[in-house]
Amino acid sequence: MPNWGGGNKCGACRRTVYHAEEVQCDGKSYHKCCFLCMVCRKNLDSTTVAIHDDEIYCRSCYGKKYGPKGYGYGQGAGTLNMDKGERLGIKPEETTSRPNTNSNPSKFAQKFGGTEKCPRCNEAVYAAEKIMGAGKPWHKNCFRCAKCGKSLESTTLTEKEGEIYCKACYAKNFGPKGFGYGQGAGALVHAQ
């Protein structure tokens, strides 16, 4: 039987999708108003969509439902989420923790880093958060001047005894002292 006056069928509502309202994804057509995350119902586009089987999700919901689980997989830098995913249809798993007696780093640590320690906080540094400075790996949040806390770049830092400083703090604390070495152009420091 011919398909009179229609186009493709929507992957969500199964009604006819006409060209003016069509969004294509993974070889399927959707109405613009039907191209929503299956969980949170946010509007999607080509940069935010994640597909699993025939279902479409935003990247956040896809990661919560199908992504890796466990410590270190939060909603962003430094967050801890206690959401077990029950509302997404995920059944909580019973896990028993055993002490790790293996001295070799895990496959995860080998692939994503984490075997190197940050000199400031002495925690593991993973590839996604790693900045190299003074020949050592640092967390982005730890890559700051030890005196003033100013954020540094690899080109604006100076290092002394394993600690990093901005050029101004380094010059003020460890640079030459005496007449002519003031705080700025033409500054004289009068010591009593």
Side-chain angles (χ1 to χ4, degrees), residues 1-100 102 104-118 121 123-133 137-144 151-154:
M1 181 139 183
N3 186 8
W4 297 107
N8 298 323
K9 297 293 180 190
C10 176
C13 71
R14 301 287 175 218
R15 291 189 307 218
T16 303
V17 181
Y18 296 100
H19 183 69
E21 60 184 357
E22 183 179 34
V23 176
Q24 288 192 343
C25 177
D26 199 36
K28 294 187 176 121
S29 296
Y30 295 88
H31 294 105
K32 288 179 186 175
C33 61
C34 293
F35 197 56
L36 305 171
C37 174
M38 303 290 277
V39 176
C40 68
R41 309 299 292 168
K42 286 183 186 172
N43 286 324
L44 300 173
D45 62 34
S46 62
T47 62
T48 59
V49 69
I51 304 164
H52 187 81
D53 294 332
D54 288 333
E55 299 174 333
I56 55 175
Y57 299 94
C58 66
R59 292 195 182 274
S60 177
C61 291
Y62 179 84
K64 287 177 187 173
K65 191 165 184 173
Y66 299 109
K69 309 287 186 287
Y71 179 76
Y73 293 102
Q75 296 293 317
T79 63
L80 180 61
N81 189 351
M82 300 305 289
D83 181 12
K84 301 274 193 238
E86 287 92 0
R87 66 183 181 87
L88 301 175
I90 300 169
K91 306 243 186 305
E93 296 177 12
E94 296 293 323
T95 58
T96 57
S97 62
R98 293 178 286 170
N100 188 3
N102 186 1
N104 293 331
S106 68
K107 287 183 180 180
F108 178 82
Q110 290 172 354
K111 185 173 183 180
F112 297 108
T115 57
E116 299 174 296
K117 301 281 186 190
C118 173
C121 67
E123 296 288 324
V125 180
Y126 295 95
E129 59 188 357
K130 180 173 160 180
I131 296 179
M132 291 299 290
W138 300 79
H139 292 111
K140 289 179 183 176
N141 289 340
C142 296
F143 199 63
R144 300 180 171 279
S151 185
L152 298 172
E153 295 177 13
S154 60

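The residues of the chain are indexed from 1 along the displayed sequence. No experiment lies behind these values; they were computed from the predicted model shown.
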Which atom pair, heavy atoms only, marks the closest approach of Ile51 to Cys25? CD1-SG, 3.4 Å
For the NE2 atom of His19 and the OG atom of Ser29, what is their distance to the nearest 0.5 Å? 10.5 Å
Does a donor on one side chain and an acceptor on the other come within less than 3.5 Å for Thr16 and Lys9? yes
Under a 4.0 Å threshold between the charged nitrogen and the carboxylate oxygen, would Glu22 count as salt-bridged to Lys32? no
At what distance, to the nearest 0.5 angstrom, does NZ of Lys28 lie from CG of Asn8? 12.0 Å
Between atom CZ of Arg14 and atom SG of Cys34, what is the distance when rounded to the nearest 0.5 Å? 10.5 Å
Is His139 reaching over with its side chain to a backbone N or O of Ala124, donor-acceptor style, under 3.5 angstrom? yes
Can you give me the closest heavy-atom contact between Tyr66 and Glu55, atom names plus distance? OH-OE1, 3.7 Å
Are the side chain of Trp138 and the backbone of Lys130 linked by a donor-acceptor contact shorter than 3.5 Å? no
Any side-chain to backbone donor/acceptor pair from Arg15 onto His31? Under 3.5 Å, distance only. no
Got a second to check how far Ser60's OG is from Lys42's NZ, nearest 0.5 Å? 6.0 Å
Aromatic rings Tyr57 and Tyr62: how do their planes relate, parallel, tilted or perpendicular, breaks at 30° and 60°? tilted
What pair of heavy atoms forms the shortest contact from Ile56 to Phe35, and how long is it? CD1-CD1, 3.7 Å
Which atom names give the shortest non-hydrogen contact between Pro137 and Glu116, and what distance separates them? CG-CB, 3.6 Å
Once you round to the nearest 0.5 Å, how far does CG of Leu36 lie from CZ of Arg41? 4.5 Å
Minimum-distance pair of heavy atoms, taken over all atoms of Cys142 and Cys118: CB-SG, 3.7 Å
Heavy-atom closest pair (Arg59 atom, Thr47 atom, distance to 0.1 Å) is NE-O, 3.1 Å
